[in-house]
Amino acid sequence: MSGISVSRGMRDILPPMSIFWEQIIARHNLLAGRYGYAPIETPILEATELFSRGVGSGTDVVEKEMYTLTDKGGRSLTLRPEATASVVRAALFAHLEQRTRPVRLRYSGPMFRYDRPQAGRYRQFSQVGVECIGELSPYLDFEVIALAMEFYAQCGLSGTSLQINSLGSREERAAYRSQLIAYYEPEVAHMCGDCQRRLHVNPLRLLDCKVDHRLAQAAPRLIDQLGPESRQHFETVQMCLAESGVGYVTNPLLVRGLDYYCHTVFEIWHESLDGAQNALGGGGRYDGLAETMGFPSCPGVGYSLGVDRLCAVLENREQSSQLREQLWTEVAILSVGDIAVFEAWKAASRLAELIRGSGVSCSLDVSARKVDAKLKGALAMGARVALLLGEDELRNSEVAVRLLESRSQEQVPWESTVSAVHRALGHPEPGASVTQQEAGRPVGR
RNA sequence: GUGGCCAUAGCUCAGUUGGUUAGAGUGCCAGAUUGUGGCUCUGGAGGUCGAGGGUUCGAAUCCCUCUGGCCACCCCA
């Protein structure tokens, strides 16, 4: 309530959510890594021109949502509103596409859009994503879509719906646009106010008018305007989806807000997010992007998925028994009774070192608080085991190993504390191989 | 960016036509119980009533501005 607060549209990600958050990203890193996507880090701050040219000057993102500032050298810089332009720029500038084709890259991190904040819509939000650069194959469109869907599945998320569409080539798209305007123009007088305004700004939106569906039904359809090559590209993507059992909906109204998209575009929606902000993520092909940034032509396809919304959905749906069990620490070492703090600390920190060394997290509490309070504190941190050190334990070089859930407790000599802890946590006996596996998998279990 | 609703303890919220010292539940701390947790009882701490200005003898309450949140539009993550 008092003190300095976060800025508008920004927020802190606090535990236990932050633990869950980190796992989501770790899971994406691991999965995309298994598909052969290597990590890339690009600057959060980029030349404004990168986005105005790459993303497209007519888009909402560039027109009204950019976080732009001038640095001390008078340069116009912008906090990235999305990552694709940066990643493609970085890859082509370094000629990565001449070493391997396609270049498979993954990223995660914050993006910025100066929008009006709302639930599920923040000025700083995080995305995980991949870009597959250098080949035009529809099989790569499929690869990227399948990867996104597998990621959601691995997060235990159900109720998603994959929406796909084809925008065709740049030329086909432009032709369709003028065709649509020509179709609607004679009817301007009969259209709602929103649509009259949209006609030249974003004619594709007219098809989605909620006031009057009559005109939209007879309107020319983009799918019908695609040339044989574009059509075959799209059909191949759909064949792959069907073949591999990925459910999808073709949605001729799906457009995407960034200029660089062509051919396959897709979004992943979730049933619990209503109308306004129902997109968990999206992506598509961007064969013309490289040229707009002054590079030789180079096709690509990718996606970006919102971490904020995914976490919100998982939390809402109580699929987060995981989330509630998130551990700040697995083991709490407590001093009990009226004992010398320094002696208690010495014993506790020696045990802690051994436990941490065996791959288990633990924290100490040698404060003067009552045991009741310390045990409650251990529960609040999500600990499953408490180690209690009191007068008797110190004298006998023992520790009381207490399972918090079952409230059972046994006295254990200091030398066997580590194996007792692992037994209590239900782990296999600790050994050299265990720590290696730990490194590869997300924290917690 | 346009329009609307809202802001009181860590959290969820009461607070009468403007009236004296702003409450409850929950959580926190302590005691009952010198060493054992989600119960019970007792006590305690915790508020610039989002911020600033105005009206008034007097403002949490009325007015203005700002900040922040939520909703719709736009658009997306």
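By convention in this document, chain letters (A, B, ...) are assigned in the order of the sequence lines, proteins followed by strands, and residues within each chain are numbered from 1.
A/E410 and A/S408 share no donor-acceptor pair across their side chains, judged by distance under 3.5 Å alone. Residues A/H233 and A/S166 have side chains that never bring a donor and an acceptor to within less than 3.5 angstrom of each other. Under the 3.5 Å distance criterion, with hydrogens and angles disregarded, a donor-acceptor pair is assigned to the side chains of A/T68 and A/T78.
Look at the C1' atom in both B/rG18 and B/rG58: the space between them is 8 Å, to the nearest Å. Separating the C1' atom of B/rA59 from that of B/rU17 is a span of 14 Å, rounded to the nearest Å. Across the C1' atoms, B/rA22 and B/rC49 are found 8 Å apart, a figure rounded to whole Å. For B/rG46 and B/rC5, the C1' atoms lie 30 Å apart once the distance is rounded to whole Å. Straight-line distance between the P atoms of B/rG10 and B/rA45: roughly 15 Å, to the nearest whole Å. For the C1' atoms, the distance linking B/rU26 with B/rG19 amounts to 31 Å, nearest Å. For B/rG47 and B/rC6, the P atoms lie 27 Å apart once the distance is rounded to whole Å. Separation of the P atoms belonging to B/rG44 and B/rU55 is 40 Å when rounded to the nearest angstrom.
Rounded to whole Å, atom C1' of B/rU67 lies 12 Å from atom CZ of A/R123. Computed from coordinates, the A/L305 CG to B/rA77 P distance equals 10 Å when rounded to whole Å. Between the CZ atom of A/R80 and the P atom of B/rA77 there is a distance of 14 Å, given to the nearest Å. Following rounding to the nearest Å, A/F125 (CZ) and B/rC75 (P) show an atom-to-atom distance of 16 Å. Put simply, CG on A/L253 is 14 Å from P on B/rC74, counting in whole angstrom units. Here B/rA77 presents its C1' atom at 13 Å from CZ of A/F151, a figure rounded to the nearest Å. In this structure, A/Q118 places its CD atom 5 Å from P of B/rC71, rounding to the nearest Å. Put simply, CZ on A/R121 is 11 Å from P on B/rC74, counting in whole angstrom units.
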Using the rule given for side chain to side chain donor-acceptor pair (under 3.5 Å), can you reason through A/E131 versus A/Y286, listing the C-alpha separation, both sets of side-chain angles and the distance that settles it, and then say yes or no? CA-CA 10 Å; A/E131 309 296 348; A/Y286 44 80; 2.6 Å; yes
Decide side chain to side chain donor-acceptor pair (under 3.5 Å) for A/S230 and A/E172; before the verdict, give the C-alpha distance in whole Å, the side-chain angles of both, and the deciding distance to 0.1 Å. CA-CA 9 Å; A/S230 295; A/E172 288 161 347; 2.7 Å; yes
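Within 4.0 Å (heavy atoms only), A/G9 reaches sugar-phosphate atoms of the nucleic acid but no base atom. Note on A/R116: a base of the nucleic acid sits closer than 4.0 angstrom, heavy atoms only.
Summarising the local packing, CD of A/E353 is surrounded by 12 or fewer heavy atoms from other residues, nucleotides or ligands at distances under 6.0 Å. Within a 6.0 Å sphere centred on CZ of A/R369, heavy atoms belonging to other residues, nucleotides or ligands number more than 12.
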Base, backbone or nothing for each nucleotide of nucleotides 26-38 of chain B, written B, S, -, heavy atoms under 4.0 angstrom, 5' to 3'? --SSSS---BBBB
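A heavy-atom distance below 4.5 Å is not found between the side chains of A/F51 and A/V61. Side-chain atoms of A/S161 and A/E271, non-hydrogen and from C-beta on, never get closer than 4.5 Å to each other.
One finds a side-chain N or O of A/R256 lying less than 4.0 angstrom from the OP1 or OP2 phosphate oxygen of B/rA77.
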Which pairs would a plain distance check flag for residues 108-116 of chain A, meaning a side-chain donor or acceptor within less than 3.5 Å of a matching protein atom at least two apart in sequence or in another chain?
residue	atom	partner	partner atom	Å
A/R113	NE	A/P81	O	2.9
A/R113	NH2	A/P81	O	3.0

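Mapped onto RNA chain B by nearest heavy atom, A/Y122 and A/S7 fall at different nucleotides, with A/S7 at the one closer to the 5' end.
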Give the dot-bracket string for RNA chain B, reading 5' to 3', where a pair is Watson-Crick or G-U wobble with both distances under 3.5 Å, ( ) marks pairs inside the strand, [ ] marks pairs crossing earlier ones, | marks a partner on another strand, and . marks unpaired. (((((((..((((.....[...)))).(((((.......))))).....(((((..]....))))))))))))....
